[in-house]
Novice: 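Input: one structure, supplied below.
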Amino acid sequence: MLRASFNHFNKTAVKVSSNTLILSLREGYIALIPFFIVASLITLVNQWLDIAAKGFDHHYLNQFNQLVWGLFPLFTLLSFSYHLAKNIKIHTIAAPILVISCFTATTGYIYVDDQTLHIDHRAGVLYTLFMPIFCCYSLAYFERLRAFKIVEVSTISLFLRKHVNLIFPYMLVTTITLFIYPFVEQAADIVLDYLALDSLLLNPQDKISLQLIGAHLLWFLGIHGDNTYHILVSSELSGFMVTPELINYHFFSTFVILGGTGCVWGLILACLLLKNAQHEKHIAKLSAPLAVFNISEVMLYALPIVFNPYIFIPFLLAPAINAFISYQLLIHDFIPIVTQDSIPWFTPVFVNAWILTESVWIVLLQALLIIMNVAIYYPFLVAHQKNNMSGKALDMLVKRYAAGRMIEEQAESRFATHHAEQQISGYTLSEVTDALNHGALTLYYQPKINPVTQEIVGFEALLRLVNPDKSVSGPWFLETLEEHNLLHVIDNFVIDQLEVDLEAFASRGLYPKISFNISPDNLLSGGYKRVIKAFSRFADQVEVELLESSYIEDFNKMVAIVTTLKDSNIQCAMDDFGTGYSCLSILSKLNIDTIKFDKSLLPDGSNEKAALLYKNLADLCAELGFKTVAEGIESKADAQVVIAANITCVQGFLYYKAMPIEEAIGIYKST
């Protein structure tokens, strides 16, 4: 029963983590990490050293914190809107501009007083999350409707056509937003007024609980929880005395959020204790120096904690336990308060306890609370590590939908340079771009079989396009992309996705050998470096399939590239052997591992000469030290030919068609 519940939770968690909206939030807030860190550090140094007060010409630093954090809502809108627009395939500049326009026009964040622009950073804070969602999805919906298209496929560029067709959707989204905002604002005011009235009846323990849950829930949603909570709630809830000697600000910073929101020190140490958790350990090491000064944004947005269902429970539980224990000790006079002076938020753990209490025992209490936090986080991190997708896998869920946009962006620059040529072939490229924008690239895996034992000995990774109706088609678009020198976009996707899929196999304890194709031009122009970076850690598991044309174009350079790949534990094969112009002449010079016989070499019917040629070619390759693979095996007659030729690895519809990775994992695991 428990196992079934956990499996159900795991499926739900993965589904939540891979949701386009959640992925966009994750990307948006990760993009803001440099801002969080730099702004926090400058604020910290300025408050600590008070540079302006020491006679230096840096008086503007006195207002730095207020100015920078006042602009934070705009930065959030821009980053989240950009990544959401990218992932739902609308324009990544037009959409953020629309969102910012609607936000500033409705919320009062920017207002005019005596012909001077002012910023009210308290206005519309929650709309930094909701406004991008509403505007971007509405724009995507109206953009798809044919009735609002001004220009259909024509001789103008894809770039210009896309922007002209945004005019009516833009007008509609803006109109709807301006119309419904007052009603939404009235509903929000009613809720906030109700909370303000109820706050008058709360005791200190209730107020602690409300602040703890409210701020942490906001952080979990990706909103700057502490600032937002103090903006939304009444003064009775944002500043109150926990005891007659201790204000809530000192209580939370000293006894509750040790190291930053969510008890970051406990989370960092728990990450460092994990085994085989490179991502978690790297983030922990990066976060540790900042956690000294109670800066937690890196851990929140990079682990991530934001919208991570595995971390939600300990993210609330750890500070709740700290608050409960510390509050009980306070009201029973076990914690002495010797100063009521303001202790800056960036004061390190242990130091703030000593300043506040001058008691070694309270310093030890902080250490004990951190150890408890480690114990709370650890089992949830183990579950997160085992069942959640890696950062690379999450990135690929977004990237699999992005090929069309990358091709479209690069095609626009070519349009301006080669206008006349594009007028002739632009419609074909438009078809490809539209198909990729509305579908999703993925990799399917066709098993390679030992024809005698029927054992699966490996796979070939094959590119597929999942269409909007969920049907799957082959890569019919490659020839068009090759004409426009855009194949490298597809190659990069294949490399990145195969890296993620190899990790998926490894997570099940499976280590199959997998081959894949890469375009010759990309390989010769430096693409092999990306192959090495992705696959050198998968020793002898990856085989790059090369076309004979790669050697014809630059034989010496290709030989050197193959040597470099093999030195990095990446094998190489010649694909489609038998279809080129000089196959036999270069066999003796090749430094590859495998020869793949093209299906065109297979005898047609009872052609004895063709069967003899097939066998002699196989014998020749074997004598030269090459492994051989026969592809295109679709009948029992084909199978008899390759068995007679002593070929030990085959692939074709007779055995298996290409299949999604989960199906491939299941079949490979069962053999």
Novice: Any chance OH of Tyr82 has more than 12 other-residue heavy atoms, nucleotides or ligands included, within less than 6.0 Å?
Specialist: no
Novice: Are Ile283 and Ile268 packed together at the side-chain level, in the sense that at least one heavy-atom pair is separated by less than 4.5 angstrom?
Specialist: no
Novice: Is there a side-chain contact between Phe255 and Leu246 in this structure, where contact means two heavy atoms from C-beta onward sitting under 4.5 Å apart?
Specialist: yes
Novice: Can you tell if the side chain of Ile514 reaches within under 4.5 Å of the side chain of Tyr445, non-hydrogen atoms only?
Specialist: yes
Novice: Any salt bridge linking Arg530 with Asp491? Criterion: basic side-chain nitrogen under 4.0 Å from a carboxylate oxygen.
Specialist: no
Novice: Where do Met372 and Ile325 land on the side chain to side chain contact (heavy atoms under 4.5 Å, CB included) test, with the steps shown first?
Specialist: CA-CA 11 Å; Met372 292 175 61; Ile325 293 174; 3.5 Å; yes
Novice: Measure the spacing between CG of Leu441 and CZ of Phe493 and express it to the nearest 0.5 Å.
Specialist: 5.0 Å
Novice: What heavy-atom pair brings Val544 and Leu565 nearest, and what distance separates the two atoms?
Specialist: CG2-CD1, 4.4 Å
Novice: Say whether, by atom type as modelled, one donor and one acceptor occur between the side chain of Lys513 and the main chain of Asp540 under 3.5 angstrom.
Specialist: no
Novice: Rounded to the nearest 0.5 Å, what separates atom OH in Tyr528 from atom OG in Ser568?
Specialist: 10.0 Å
Novice: So how far is it from Ile337 CD1 to Ile247 CD1, rounded to the nearest 0.5 Å?
Specialist: 12.5 Å
Novice: Taking the side chain as everything from C-beta on, heavy atoms only, tell me whether Leu364 gets closer than 4.5 Å to Trp361.
Specialist: yes
Novice: Specify whether Phe505 and Phe459 have parallel, tilted or perpendicular ring planes, treating 30° as the upper limit for parallel and 60° as the lower limit for perpendicular.
Specialist: tilted
Novice: How long is the span from the CD atom in Glu503 to the CZ atom in Arg508, to the nearest 0.5 Å?
Specialist: 12.0 Å
Novice: Would you check if Lys207 and Asn248 make a side-chain contact, meaning some heavy-atom pair closer than 4.5 Å?
Specialist: no
Novice: Using ring centroids (six-membered ring only for Trp), state whether Phe516 and Phe535 fall under 6.0 Å.
Specialist: yes
Novice: The test is salt bridge (Lys or Arg N to Asp or Glu O under 4.0 Å); show your working for Glu280 and Lys275 and say whether it passes.
Specialist: CA-CA 10 Å; Glu280 288 80 1; Lys275 297 179 180 178; over 6 Å; no
Novice: When you measure from the side chain of Asn569 to the backbone of Ala539, do you find a donor-acceptor pair of N or O atoms at a distance under 3.5 Å?
Specialist: no
Novice: Any side-chain heavy atom of His216 sitting closer than 4.5 Å to one from Pro319?
Specialist: yes
Novice: Is there a side chain to side chain contact (heavy atoms under 4.5 Å, CB included) between Ile355 and Phe350 once you walk through the steps?
Specialist: CA-CA 9 Å; Ile355 294 174; Phe350 305 140; over 6 Å; no
Novice: Whether the Asn352 and Gln366 side chains hold a donor-acceptor pair (N or O, under 3.5 Å, no angle test) is what I'd like checked.
Specialist: yes
Novice: Quick one: does Leu443's side chain get under 4.5 Å of Ile661's, heavy atoms only?
Specialist: no
Novice: How many angstroms lie between CG in Asn322 and CG in Leu365, if you round to the nearest 0.5 Å?
Specialist: 8.5 Å
Novice: Minimum heavy-atom separation for Ile495 to Ala534, with atom names?
Specialist: CG2-CB, 3.6 Å
Novice: Please tell me if the side chains of Phe251 and Tyr327 come closer than 4.5 Å, counting only heavy atoms from C-beta onward.
Specialist: yes
Novice: How far apart are the C-alpha atoms of Leu369 and Ser326, what are their side-chain angles, what is the distance that settles it, and do they pass the side chain to side chain contact (heavy atoms under 4.5 Å, CB included) test?
Specialist: CA-CA 9 Å; Leu369 292 175; Ser326 301; 3.8 Å; yes
Novice: Is the number of heavy atoms from other residues, nucleotides or ligands within 6.0 Å of CZ (Phe240) greater than 12?
Specialist: yes
Novice: Rounded to the nearest 0.5 Å, what's the gap from CG on Leu269 to SG on Cys263? Could you check?
Specialist: 12.0 Å
Novice: How far apart are the C-alpha atoms of Asn373 and Trp265, what are their side-chain angles, what is the distance that settles it, and do they pass the side chain to side chain contact (heavy atoms under 4.5 Å, CB included) test?
Specialist: CA-CA 8 Å; Asn373 298 157; Trp265 271 122; over 6 Å; no
Novice: Could you tell me whether a side-chain N or O of Thr357 sits under 3.5 Å from a main-chain N or O of Ala353, the two making a donor and an acceptor?
Specialist: yes
Novice: Is it true that a side-chain atom of Ser296 and a backbone atom of Gly260 form a donor plus acceptor pair closer than 3.5 Å?
Specialist: no
Novice: Angle class for the Tyr109/Phe103 ring planes (parallel below 30°, perpendicular above 60°, tilted otherwise)?
Specialist: tilted
Novice: His250 side chain to Ile343 main-chain N or O, any donor-acceptor pair under 3.5 Å?
Specialist: yes
Novice: Indicate the atoms forming the closest heavy-atom contact of Gly262 with Ile257, along with that distance.
Specialist: N-CG2, 4.3 Å
Novice: Search all heavy atoms of Pro379 against all heavy atoms of Ala375 and return the closest pair with its distance.
Specialist: CD-O, 3.1 Å
Novice: Grab the two heavy atoms, one from Leu78 and one from Pro96, that are nearest each other, plus how far apart they are.
Specialist: CD1-CB, 3.9 Å
Novice: Spell out, as yes or no, whether a donor-acceptor pair under 3.5 Å connects the side chain of Gln541 to the backbone of Pro512.
Specialist: yes
Novice: Give the minimum heavy-atom separation between Leu267 and Tyr377, together with the two atoms involved.
Specialist: CD1-CD2, 3.5 Å
